[in-house]
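Right, one structure below, let's go through it.
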Amino acid sequence: MLEVSISPSTAKRTLLDRVRDAVTDHACAEVWVRGAGLHILLGRGTGDAFARVTALGGGAYGLAFRGGVERAWEPLLVDDLRAVVEHALIGEEQI
């Protein structure tokens, strides 16, 4: 019989961890990543968030940017996590 052992180090990583890893992979030291309820926010320095990532289920993630007069979140893209984070960084001219 095959036995499987799962150690704490192999536990499933959170969405916050995975977004932070994707930002780090692009060497964007100025970009911060924070959780905000069901969303993950990306920002720079001491400024407000410039992008919001949301898990939609089934391996899909939504990307929204602030826009309009009210600076409300405007959904822009649905894709896999790496693509969504990459588009957020491109939109902010970080890569």
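Owing to the predicted nature of the structure, the values given are computational and were not obtained by experimental measurement.
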Strictly by salt bridge (Lys or Arg N to Asp or Glu O under 4.0 Å), give each pair with a member in residues 48-73 just once, sequence neighbours left out.
none
How long is the straight-line distance from CD of Q94 back to CD of E30, given to the nearest 0.5 Å?
5.5 Å
I'd like to check the side-chain contact (heavy atoms from CB on, under 4.5 Å) partners of D80; sequence neighbours left out, ordered by chain and number.
R82, A83
Could you list who else is in V19's hydrophobic cluster, with ILVMFWY side chains joined at under 4.5 Å, directly or through other members?
L15, L16, V23, V31, V33, I40, L42, F50, V53, Y61, L63, F65, L76, L77, L81, V84, V85, L89, I90, I95
Please name all residues satisfying salt bridge (Lys or Arg N to Asp or Glu O under 4.0 Å) with R44, sequence neighbours left out, ordered by chain then number.
E92
Among all residues two or more places apart in sequence or in another chain, which pass the salt bridge (Lys or Arg N to Asp or Glu O under 4.0 Å) test with D79?
none
Apart from L56 itself, what residues make up its hydrophobic cluster when side-chain heavy atoms of I, L, V, M, F, W and Y under 4.5 Å apart count as a link, directly or indirectly?
V78
